[in-house]
Amino acid sequence: MRFQILAAALIAASPALSDDDGDKPSFGMAGILSASNSETLPPILLSAGQPLADAPLHLKSGTSYEIEIEADGSQELGLVGAGFFHAIWIDEIVIEGIEIRPLGVDSVEFDEAGVMEISFVAIKPGTYDLHVPNARGDLQRLEITIE
């Protein structure tokens, strides 16, 4: 008797659960890491006395992003942003073809010129920043909002 009630309930609920509107699924086989859910952000430039970016970044929670951080070698510079790094899931960091899959990051530092690419998924909504330690003013600070 219980089985018949359960079967009837599942059959009755199945039209509500099915997706028959003909739309393509929002994600591919890779889920949230699918190309349709991926966005490339403008690069961050680490250069002595120069702004990190042209404008603040606005991200959407659940979207996959790639961003390049490039240092021109004008000075030994780092980026600090534990709050931001803890609000994202880092898929990988690529430096000169070496792929790193860290459990967490608080900061990064460039001793010389180079490029680093970070692939991540924005997770926790809020307003965060990346900044050059001991920099004066907001010139070397990047505000990042995850919605």
Side-chain angles (χ1 to χ4, degrees), residues 6 9-147:
L6 178 62
L10 288 174
I11 291 170
S14 64
L17 297 175
S18 66
D19 183 18
D20 59 357
D21 60 0
D23 292 343
K24 293 190 301 186
S26 58
F27 300 128
M29 296 291 287
I32 62 172
L33 296 178
S34 298
S36 63
N37 190 47
S38 184
E39 200 174 308
T40 301
L41 297 171
I44 294 174
L45 177 63
L46 283 173
S47 182
Q50 298 299 314
L52 295 176
D54 294 333
L57 295 177
H58 296 279
L59 312 178
K60 183 178 176 185
S61 181
T63 301
S64 177
Y65 294 96
E66 287 186 9
I67 190 165
E68 281 190 355
I69 301 172
E70 181 178 354
D72 66 2
S74 59
Q75 186 176 346
E76 185 176 317
L77 292 170
L79 277 179
V80 175
F84 171 69
F85 287 124
H86 294 170
I88 64 175
W89 172 76
I90 299 175
D91 177 37
E92 69 180 6
I93 297 174
V94 181
I95 304 168
E96 294 185 16
I98 299 170
E99 297 175 359
I100 304 162
R101 292 186 176 84
L103 292 175
V105 174
D106 286 330
S107 63
V108 296
E109 185 174 316
F110 288 79
D111 293 341
E112 54 189 49
V115 177
M116 169 185 4
E117 183 179 289
I118 300 177
S119 301
F120 65 93
V121 176
I123 302 292
K124 186 177 175 186
T127 301
Y128 308 96
D129 73 35
L130 291 175
H131 63 275
V132 175
N134 302 321
R136 295 183 180 94
D138 288 339
L139 185 63
Q140 293 191 310
R141 179 182 173 276
L142 174 61
E143 184 176 287
I144 303 168
T145 302
I146 299 175
E147 298 172 344

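These numbers come from a predicted model, not from an experiment.
At least one donor-acceptor pair closer than 3.5 Å links the side chain of Ser74 to the backbone N or O of Ala48. Side chain of Glu92 to main chain of Ile118: no donor-acceptor pair is present (N/O by atom type, distance under 3.5 Å, no hydrogens or angles).
For the atom pair Leu41 CG and Ile144 CD1, the distance stands at 8.5 Å (nearest 0.5 Å). Atoms CD1 and CD1, on Ile100 and Ile90 in that order, are 10.5 Å from each other to the nearest 0.5 Å. In this structure, CD on Glu70 lies 11.5 Å from CE on Met116, to the nearest 0.5 angstrom. Rounded to the nearest 0.5 Å, atoms CG (Leu46) and CD (Gln140) are 7.5 Å apart. Atom CD1 of Ile93 is separated from atom CD1 of Ile98 by 12.5 Å, given to the nearest 0.5 angstrom. Residue Leu45 holds its CG atom at 12.0 Å from CG of Leu142, rounded to the nearest 0.5 Å.
Residues Phe84 and Leu59 have side chains in contact (heavy-atom distance under 4.5 Å, counting atoms from C-beta outward). For the pair Asn37/Val121, no side-chain contact is recorded, criterion being any heavy-atom separation below 4.5 Å from C-beta on. Here the side chains of Pro56 and Thr145 are not in contact, with every heavy-atom distance at 4.5 Å or above.
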- [ ] Begin with the C-alpha distance, continue with both residues' side-chain angles, and end with the deciding distance and a verdict on side-chain contact (heavy atoms from CB on, under 4.5 Å) for Leu79 and Leu52.
- [x] CA-CA 10 Å; Leu79 277 179; Leu52 295 176; 3.8 Å; yes
- [ ] May I have the step-by-step check of side chain to side chain donor-acceptor pair (under 3.5 Å) for Asp106 and His86, ending in yes or no?
- [x] CA-CA 8 Å; Asp106 286 330; His86 294 170; 2.9 Å; yes
TODO: Just do the salt bridge (charged side-chain N to carboxylate O under 4.0 Å, His left out) check on Glu147 and Lys60 with the steps written out, would you?
DONE: CA-CA 5 Å; Glu147 298 172 344; Lys60 183 178 176 185; over 6 Å; no
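Identified under the salt bridge (Lys or Arg N to Asp or Glu O under 4.0 Å) test for residues 108-136, with sequence neighbours left out: Asp129-Arg141. Sorted by first and then second residue, the ring pair (Phe, Tyr, Trp, His ring centres under 6.0 Å) pairs with a member in residues 47-83 read Tyr65-Phe120; sequence neighbours excluded.
Looking at every heavy atom in both residues, Gly49 comes nearest to Leu139 through O-CD2, 3.0 Å. Val105 and Pro102 make their closest contact through CG2-CG, 3.9 Å (heavy atoms, listed as atom of the first residue, atom of the second, distance). Of all the heavy atoms in Ile146 and Tyr128, the pair that sits closest is CD1-CE1, 4.0 Å.
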